[in-house]
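Right, one structure below, let's go through it.
Just so it is clear, the model here is predicted, and its values are computed rather than measured. Hydrogens, waters and symmetry mates play no part in the numbers below; they use all other heavy atoms, side chains included.
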Amino acid sequence: LTVEYTTHPVWSAIQALPTLFHTCHDDLLTLISGYYAATLCKHLYETVEDMDKVLKVDMDSVEDFRTKVWEKILERQLGSGAFIWFPGMEHSTYLTREVAFQLVRLNRLLGEEDERTAEVLEKAVTYLRSQLKKDTSLSTSALHHLYIVSSMGKDLDTNEKRLLKELAKVSDEWSLEDRALASIVLHVQDKNRATNRMMDGVEKYLGGTPETGRYVDYPSGSFTSIDRKIHIHTQIMEAVMAVRPEAQELWKGMRRWLLLEKRTTDWNTPINTIDAVYALLSAGREELKDEAQDALDVKGKGYTQRLTSPDHRKGYVKAEIDVPSPKTLQIHKVSQGESWGAVYAQFDQQMDSVSAAWQGINIRREMSHLSPKVGDRIHIRYVITATMDYDYVLLHAPRPASTEPAQPMSGHLYSNGLSCYRTVRDEATDYYIAHLPKGTYVLEEDVMVEREGSYNAGITTIECMYTTSLVR
């Protein structure tokens, strides 16, 4: 029996920050993400006790990295205030806006203006205002601009006031991201009626369950990338917290979905990582300061084994227990916030008596022949159903010992909208699926019957490889 438990799962996102210190890229947004992560780590070390026991980094090295990366960022800002992607390139309004966007968010998390960013932000806003004059109507770019100046507490100039007036007119054609961003701007500018109308238009698109959390319910098989989903989700989280702080259950549900995404998908980009961390910490840091004192009791007939975590911040514990017939698991939760756990057991059982069980991902195997003969070709369909997006999924499909694959070569496969790598082994075929969007998919293969006899087809399993509690 294996028991796994985390008192404060938000730490799994915080622990992603040091990964941004080590990158082979030197583009502007990667530099900004690295500076953001290093500055936030520094702030957490100064404000949260025992941070060194959770984030295994050398703070002298972090500060050295922070200084060097900031020097590179300064080299990318021109005298006009505009930023460039790499040295020698043309100035970019988009990159300048993105840098300012992330720096004002960083300052909000810090609770004060980072001592290095004030002058850089002032120059960037001066440049952005000069470019905004070219916008004759409200656009997503202009909306991001209004977010930046509103977050900095600046008085709006004539052009910005014109755009704000236009912003107050809700449009059904606006994207969810734009609506969320507009809600924040209108709220900061005290346009309460327009703010509420805008937020109503956001919340109606949120679905979910207590188990999955609250999220934008995209159609099955949606081609919306996980990058966009994370970005839009975190923008909506910020809007909910800013505009409707009383909607705690909604915000907690969205937080739960975001943390689940960290378990099952790769956030892919530095910007995704800092967007997610920003959203998770924007409502406060009480859980980070809360001591993990939860305890777990595994009980059976005549015995009780108590499990506690030596890590009193994250509160992570994993224990393998070799006990006869454990009956109950009792969790004594005394810490704040939401906690996660999983229990999985290994035991021997007759193969033909194993029943189906699943969580999050379901696999069903269909075979064209139930009583095949030597020489027959059996067509097998693997029907996969995913209740949310997953990354790095393994489908393990054993074959009866009397059969051989009709296609014995391994290689890349694209089937019915799903891309994967197919590996043929002696006893099974493995399908490695890098990205499995929410929905239902079918993989197919043929096997040839080569010997007589009675054979078992084995148990087909599918799992998110790096979250082993999600297995079918």
Side-chain angles (χ1 to χ4, degrees), residues 97-98 100-102 104-105 108-109 125 128-129 132-133 135-210 212-219 222 224 228-258 275-276 278-284:
R97 192 167 49 244
E98 187 63 31
F101 186 86
Q102 295 301 344
V104 296
R105 280 184 156 191
R108 182 172 293 170
L109 278 186
V125 168
L128 291 172
R129 278 178 163 168
L132 189 67
K133 294 175 182 178
D135 286 353
T136 57
S137 61
L138 189 64
S139 63
T140 298
S141 300
L143 186 53
H144 277 76
H145 175 95
L146 290 176
Y147 173 92
I148 292 165
V149 294
S150 297
S151 298
M152 293 174 67
K154 286 190 166 296
D155 293 331
L156 303 188
D157 64 19
T158 302
N159 199 31
E160 290 161 351
K161 288 178 180 177
R162 174 182 61 82
L163 291 171
L164 179 65
K165 187 175 180 179
E166 189 176 340
L167 178 61
K169 302 172 184 177
V170 181
S171 171
D172 292 334
E173 297 178 358
W174 285 6
S175 68
L176 278 175
E177 177 189 1
D178 286 351
R179 283 174 176 267
L181 205 60
S183 299
I184 298 169
V185 172
L186 291 167
H187 174 71
V188 173
Q189 298 296 336
D190 293 324
K191 306 292 184 182
N192 295 329
R193 289 181 62 186
T195 300
N196 287 327
R197 291 200 307 272
M198 198 73 74
M199 277 303 295
D200 289 342
V202 172
E203 289 187 26
K204 70 180 182 180
Y205 289 100
L206 298 177
T209 67
T212 63
R214 299 292 299 278
Y215 57 93
V216 178
D217 197 6
Y218 297 94
S222 169
T224 304
R228 291 297 302 154
K229 289 179 181 179
I230 294 293
H231 182 74
I232 293 169
H233 189 88
T234 55
Q235 193 65 75
I236 296 174
M237 284 181 70
E238 181 183 4
V240 170
M241 203 61 228
V243 177
R244 295 185 175 166
E246 73 282 359
Q248 284 294 304
E249 290 307 310
L250 172 59
W251 188 87
K252 288 177 180 177
M254 297 194 72
R255 175 182 182 270
R256 182 177 304 128
W257 182 89
L258 185 58
D275 279 352
Y278 173 79
L280 292 168
L281 295 185
S282 60

Next on the checklist: Within the 3.5 Å criterion, strictly below it, is a donor on Ser141 or Arg97 matched to an acceptor on the partner's side chain?
Outcome noted: yes
Next on the checklist: Show the nearest heavy-atom pair for residues Leu146 and Leu164, with the distance to one decimal.
Outcome noted: CD1-N, 4.2 Å
Checklist entry - If you take all heavy atoms of Ser282 and Ala279, which pair is closest and at what distance? => result OG-O, 3.0 Å
Next on the checklist: Can you pull out every side chain to side chain donor-acceptor pair (under 3.5 Å) where at least one residue sits in residues 152-161? Sequence neighbours excluded, please.
Outcome noted: Glu122-Lys154, Arg129-Glu160, His145-Glu160, Asn159-Arg162
Next on the checklist: Filter on side chain to side chain donor-acceptor pair (under 3.5 Å), then keep only pairs touching residues 181-195, sequence neighbours left out; what's left?
Outcome noted: Ser150-Gln189
Item to check | Check ion pair Asp200-Arg244 (N to O, under 4.0 angstrom) | outcome: yes
Item to check | Leu132/Leu128 under side chain to side chain contact (heavy atoms under 4.5 Å, CB included): CA gap, chis, key distance, verdict | outcome: CA-CA 6 Å; Leu132 189 67; Leu128 291 172; over 6 Å; no
Salt bridge (Lys or Arg N to Asp or Glu O under 4.0 Å) partners of [X], counting only residues at least two apart:
| X | answer |
| --- | --- |
| Arg214 | none |
| Glu177 | Arg228 |
| Arg256 | Glu338 |

Checklist entry - Checking His233 side chain against Met254 main chain: does a donor-acceptor pair fall under 3.5 Å? => result yes
Checklist entry - How are the rings of His144 and Phe101 set relative to one another: parallel (under 30°), tilted (30 to 60°) or perpendicular (over 60°)? => result tilted
Item to check | Pairs involving residues 140-152, ordered by first then second residue, that meet salt bridge (charged side-chain N to carboxylate O under 4.0 Å, His left out) (sequence neighbours left out) | outcome: none
Next on the checklist: Gln235 and side-chain contact (heavy atoms from CB on, under 4.5 Å): which single residue from Leu176, Ile184, Val240 fits?
Outcome noted: Ile184
